Number of protein chains: 2
Amino acid sequence: MTEPNNAPSGPGTAPPERPRKARSSQKEQQIIDGALRAFLARGYSASMDVIAQEAGVSKQTVYSHFKDKETLFSALIDRLLDEFMSAGLSPELMSADPGTFFRSVANIALSRLDDWEYISLLRVLIAESARVPELADVYVNRLVRPATQRLADYISSNEKIKFKDPEAVARIFHGALVHFIIMQEILNGKHTLPMSRERIADSLVDLILFAAEKTQDAR
Amino acid sequence: MTEPNNAPSGPGTAPPERPRKARSSQKEQQIIDGALRAFLARGYSASMDVIAQEAGVSKQTVYSHFKDKETLFSALIDRLLDEFMSAGLSPELMSADPGTFFRSVANIALSRLDDWEYISLLRVLIAESARVPELADVYVNRLVRPATQRLADYISSNEKIKFKDPEAVARIFHGALVHFIIMQEILNGKHTLPMSRERIADSLVDLILFAAEKTQDAR
DNA sequence: GTCTATACATGGATAGAC
DNA sequence: GTCTATCCATGTATAGAC
């Protein structure tokens with residue numbers, strides 16, 4: 001009945017301490033960790049038995065902390081998305097020159113090629129997007145929107161570059177990077193269609209910088 | 001570099017002619033169609049009961065044509081990939097000017113935003129890529145490799161444009177388009193982060209043309 | 001080949017002891 | 001809260017009649 005979880009995102013007061021998992025007992029942390037591993041490795045089809053086993057607790061213990069499988073799944077995805085929520089590019093980067101800025105953004109994005117959790121999360125989100133569209137919405141609102149927004153803001157505000165449609169350019173830049181991750185890591189392109197991340201970063205940065213210069217020339 | 005006609009980069013020795021059995025009875029066609037709808041709508045978790053119902057036959061009839069669920073699934077995905085296999089851009093396009101070429105490629109790719117089968121196929125491929133990696137490999141070899149290869153070939157051969165790394169540019173161009181489809185249609189971005197396909201196409205074509213011109217100037 | 005009926009296993013969820 | 005044991009629905013696959 002009364003759920004131990006409290007304090008969703010408090011509107012008026014910004015809590016200086018962690019808003020979530022105020023008291024996560026030893027067992028609860030075990031459950032969360034185990035369920036995370038199970039879901040990310042096997043998708044939503046991971047059985048509750050496997051989850052309990054992975055967590056090192058009994059199945060009933062899982063159910064004493066989470067109402068049902070769907071609740072557990074959504075809670076975990078939501079939790080993961082929070083962790084990956086970009087805390088924002090460092091402010092000094094927003095005032096860096098275009099070459100530094102785009103190169104840094106590309107490198108940060110491509111560093112996720114090594115992050116098994118991020119890659120698995122992406123796969124599960126896409127896999128379950130039809131069944132649970134809300135999770136895809138959370139992903140878009142927490143990760144994609146801020147990322148593309150900041151890119152568009154930089155493009156719009158920086159004097160040295162000028163594009164007709166900063167938002168579209170931002171989405172192209174972001175999309176090329178994310179697709180490369182999906183391609184290489186999820187769809188096995190790392191083996192069937194290998195290409196180094198440096199080549200993608202180099203060409204992408206060149207592309208946008210050259211186009212920006214050309215647009216400048218044409219003014 | 002390599003022969004454009006044959007590209008069976010695999011060890012298997014499959015006769016190039018008669019790639020598929022010609023006899024598909026009435027029932028068998030029903031099964032295929034029903035299973036296709038069921039799998040694309042609900043993923044691999046679609047039950048054999050639902051598949052049989054969707055096909056309008058009994059469950060046993062399905063099993064009399066396909067050994068088990070996994071075989072049926074793989075056969076269908078393989079069949080779908082064949083249908084989507086790009087027959088190659090029309091030869092006259094390969095000799096068109098860059099503006100026409102890239103604009104056409106972008107429009108062709110973005111037309112898949114309206115293709116429910118393609119979108120569902122993409123989702124299922126990603127969803128099952130961990131469990132059945134071979135299907136992802138087939139997708140990459142049949143669709144992604146030819147598409148990016150032709151883009152890279154065009155970039156390499158056309159006198160009017162010059163990039164340091166045509167293959168990387170090809171993958172960026174292709175990736176930005178495919179990611180836009182994943183974003184808008186699979187991850188629900190069409191509602192949460194709307195953007196017209198024309199804006200993406202315009203900015204992407206501008207980006208590559210301007211960058212190409214700039215590279216020309218710098219020669 | 002095609003159907004109805006069924007065997008067998010798995011999975012989500014609960015009961016009851018401690 | 002935590003465990004073991006269990007219920008019951010669903011799912012894959014098969015048997016047997018026609």
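Residue numbers start from 1 in every chain, and the chains themselves are labelled A, B, ... in the order their sequence lines are given, proteins ahead of strands. What you are looking at is a predicted structure, and each value in this text was computed from that prediction instead of being measured.
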If I take atom [atom1] in residue [X] and atom [atom2] in nucleotide [N], what distance separates them, rounded to the nearest angstrom?
| X | N | atom1 | atom2 | result |
| --- | --- | --- | --- | --- |
| F66(B) | dT12(D) | CZ | P | 16 Å |
| L72(A) | dG12(C) | CG | P | 11 Å |
| Y44(B) | dG11(D) | OH | P | 13 Å |
| F39(B) | dT12(D) | CZ | C1' | 12 Å |

Selected nucleotide, minimal atom distance to S47(B) side chain, candidates dT2(C), dG11(D), dG12(C):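 Shortest atom-to-atom distance from the side chain points to dG11(D).
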Aromatic centroids of Y154(B) and F102(B) separated by under 6.0 Å: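 When the ring centroids of F102(B) and Y154(B) are compared, they turn out to be within the sub-6.0 Å range.
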Residue list, ring pair (Phe, Tyr, Trp, His ring centres under 6.0 Å) with F66(B), at least two apart or on another chain: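 By the ring pair (Phe, Tyr, Trp, His ring centres under 6.0 Å) rule, F66(B) matches no residue at all.
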Over all atoms of both residues, closest heavy-atom pair of I172(B) and I200(A):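 Smallest interatomic distance, heavy atoms only, reads CD1-O, 3.7 Å.
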dG1(D) OP1/OP2 closer than 4.0 Å to side-chain N/O of T61(A):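 No, because none of the side-chain N or O atoms of T61(A) sits under 4.0 Å from OP1 or OP2 of dG1(D).
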Heavy-atom check, side chain of P166(A) versus side chain of V169(A), under 4.5 Å: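 No. Closest side-chain heavy atoms not under 4.5 Å.
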Side chains of D115(B) and F84(B) in contact at under 4.5 Å (non-hydrogen atoms):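 Result yes, sub-4.5 Å side-chain heavy-atom pair found.
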Inter- and intrachain pairs under side chain to side chain donor-acceptor pair (under 3.5 Å), touching residues 174-184 of chain A, at least two apart: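 Passing the test, one end in residues 174-184 of chain A: Q184(A)-R171(B).
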Sugar-phosphate, base or nothing in reach of A46(A), heavy atoms under 4.0 Å: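 If one applies the 4.0 Å heavy-atom cut-off, A46(A) turns out to touch the sugar-phosphate alone, with no base involved.
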Footprint string (nucleotides 13-18 of chain D, 5' to 3'): B base within contact, S backbone only, - free, heavy atoms under 4.0 Å: BBB---
